[in-house]
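The structure appears below as structure tokens.
This chain uses plain numbering: 1 for the first residue, then up along the sequence. Order of appearance sets the numbers: ligands from 1, and atoms from 1 within every ligand.
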Amino acid sequence: MSLGTKERPLRVAVVGSGPSGFYAAEALIRDPNLTVQVDMYDRLPTPYGLVRGGVAPDHQKIKSVILVYEKVALTPGFRFFGNVKLGKDIQIEDLKRFYDQIVYAVGNESDRKLGVPGEDSAGSYSATSFVGWYNGHPDWRRMEFNLDQVERVAVVGVGNVAMDVTRILAEDPKHLEPTDIADYALAELRKSKVKEIYLLGRRGPAQAAFSPAEIQEIGGLESADLVINAQDIELDETSREDLADPKNKKNVDYLNEVVKRGRGARAKKVRLRFLASPVEVIATAGRVSALKIEKNKLVKDEKGRVACRGIGQFETLPVGLVLRSVGYRGIPIAGVPFDEKAGKILNDQGRVLDPASKTPRFGEYVVGWSKRGPSGLIGTNRADSVATVNLMKEDLKANKVLSGNKENFETVPDLLKKKNIRFVTFQDWKQLDQAETGRGKTRGKIREKFTAIDDMLAVLNGVAKAVPTT
Ligand code: NAP
């Protein structure tokens with residue numbers, strides 16, 4: 001019986017329910033020439049990955065992609081198994097018994113380090129933790145940022161995550177009130193004493209990673225002035241070449257406009273600095289009290305890219321909180337080949353590679369950030385996942401799939417029950433979704449998330465209604 005037909009549908013496990021996982025499922029399910037059954041697993045009871053736990057609460061429009069994912073999830077042949085962690089609750093070997101192909105869509109759940117002394121002091125954290133905290137992610141709900149005791153913050157890195165973090169700190173909390181921000185985060189932001197945020201780029205304005213729309217949003221805040229010194233955005237010859245990229249040109253043009261505004265009269269200041277690298281996080285009595293930075297100059301590296309090098313001039317910024325926003329990296333999963341240097345699953349264009357032979361492992365694929373690293377916007381993942389699915393179809397034709405007689409697909413829930421795992425179906429999620437929006441309604445918010453897994457399960461098990469534990 002050939003695979004991918006009505007008689008014998010192709011069975012695919014997608015591990016991870018963020019954008020890349022859903023786009024892979026969509027590309028499989030929407031193919032009229034393929035009959036497929038997709039089981040999607042997530043370690044959390046809730047689907048949607050970074051759309052739920054990463055996208056900033058004041059960027060609700062971006063979250064409307066969920067409507068597309070929901071359509072996929074409601075298609076016959078699709079099942080969701082939330083609250084099931086691969087490598088802990090279920091093993092790769094289990095998946096291989098049931099499925100013809102596996103797609104890893106596990107994202108990048110950890111972050112890059114700066115590698116400077118003092119980085120692990122209290123008061124020096126990753127942007128990942130701050131983002132997870134304000135978004136009510138179960139992993140980060142217990143973080144304490146003590147914003148009521150901090151007047152100055154340094155955000156290291158000038159990518160779009162740094163923009164989100166800076167905006168949430170600089171914005172008037174009243175704009176966050178109607179959103180799905182976690183209640184405890186809103187309460188803390190209301191008490192915040194933060195009045196100055198240093199936003200630090202190690203290279204120059206023409207190399208800044210932020211998108212024009214994101215920096216312009218910061219420059220357009222009612223509650224804060226974006227302040228840039230003219231000498232900080234002077235371009236050298238190397239940088240002028242980078243202006244050929246319209247994004248960079250747009251950024252530099254905008255920053256030149258901002259310089260003309262001067263320091264402004266708003267209570268909060270976002271001080272955007274370039275050519276500045278942290279060299280030490282200074283702690284006093286165990287807590288961050290300052291960040292030492294070194295001035296850089298731009299140089300071309302051996303590959304001809306614009307890099308930076310310290311010039312031995314130092315400055316100390318008196319900050320009580322350091323948030324490093326210098327990119328993400330993946331966490332290895334037992335049994336899945338990992339490229340330690342790149343921080344992602346070892347793969348070639350989406351085919352998982354055997355670490356010894358560097359040849360593709362039959363039936364194992366990867367999409368999204370776990371395939372290519374932490375780059376691109378949500379939409380970038382659609383084309384990326386389609387590309388991997390095309391390889392899956394190519395391999396299916398060549399019968400390069402996970403071998404062996406497959407166990408009855410219908411018995412996956414039994415296996416999980418036997419392991420005593422309270423898995424969450426898509427119908428369960430819809431129940432949680434309704435409970436969250438209901439709680440939000442009573443508070444004038446679009447949603448009040450459950451932030452503890454126990455609370456989510458208690459609601460589903462009918463033990464509790466909608467009471468969050470804090
Ligand atoms: P990113 O865009 O790669 O930015 C990382 C920043 O960290 C860069 O400024 C980088 O500088 C800097 N950096 C790296 N290592 C450093 C070091 N050792 N010292 C100092 N600075 C260092 O990453 P991201 O901000 O985490 O965002 C990840 C992806 O998500 C991006 O594609 C982003 O566009 C996307 N995203 C989009 C949105 C949105 O559209 N609203 C929101 C959030 C995230 P160099 O350039 O010099 O390496």
Can the ring centres of Tyr48 and Phe22 be said to be less than 6.0 Å apart?
yes
From CA spacing to verdict: side-chain contact (heavy atoms from CB on, under 4.5 Å), Tyr104, Glu364
CA-CA 8 Å; Tyr104 304 109; Glu364 288 181 79; 2.5 Å; yes
Under the ring-ring contact (aromatic ring centres under 6.0 Å, His included) test, which residues partner Tyr125, sequence neighbours left out?
Phe145
According to salt bridge (charged side-chain N to carboxylate O under 4.0 Å, His left out), who are the partners of Lys250, at least two apart in sequence or on a separate chain?
none
Could you pull out every N or O of ligand 1 that sits under 3.5 Å from a protein N or O, with the distance for each pair?
unit_1   : atom_1 : unit_2 : atom_2 : d
ligand 1 : 7 (O)  : Ser325 : O      : 3.4
ligand 1 : 9 (O)  : Val158 : N      : 3.0
ligand 1 : 25 (O) : Asn160 : N      : 3.2
ligand 1 : 25 (O) : Val161 : N      : 3.0
ligand 1 : 32 (O) : Gly376 : N      : 2.7
ligand 1 : 32 (O) : Gly376 : O      : 3.3
ligand 1 : 34 (O) : Asn160 : ND2    : 2.9
ligand 1 : 41 (N) : Glu214 : OE1    : 3.4
ligand 1 : 41 (N) : Glu214 : OE2    : 3.4
ligand 1 : 46 (O) : Arg203 : NH2    : 2.9
ligand 1 : 47 (O) : Arg202 : NE     : 2.9
ligand 1 : 47 (O) : Arg203 : NE     : 2.7
ligand 1 : 48 (O) : Arg202 : NH2    : 2.8

Given the side-chain rings of Tyr23 and Tyr69, with only the six-membered ring counted for Trp, is the space between their centroids under 6.0 Å?
yes
Extract all donor-acceptor atom pairs below 3.5 Å that involve side chains of residues 337-344 and protein atoms in other chains or at least two apart in sequence.
unit_1 : atom_1 : unit_2 : atom_2 : d
Asp339 : OD1    : Lys341 : N      : 3.2
Asp339 : OD1    : Ala342 : N      : 3.1
Glu340 : OE2    : Arg329 : NH2    : 3.0

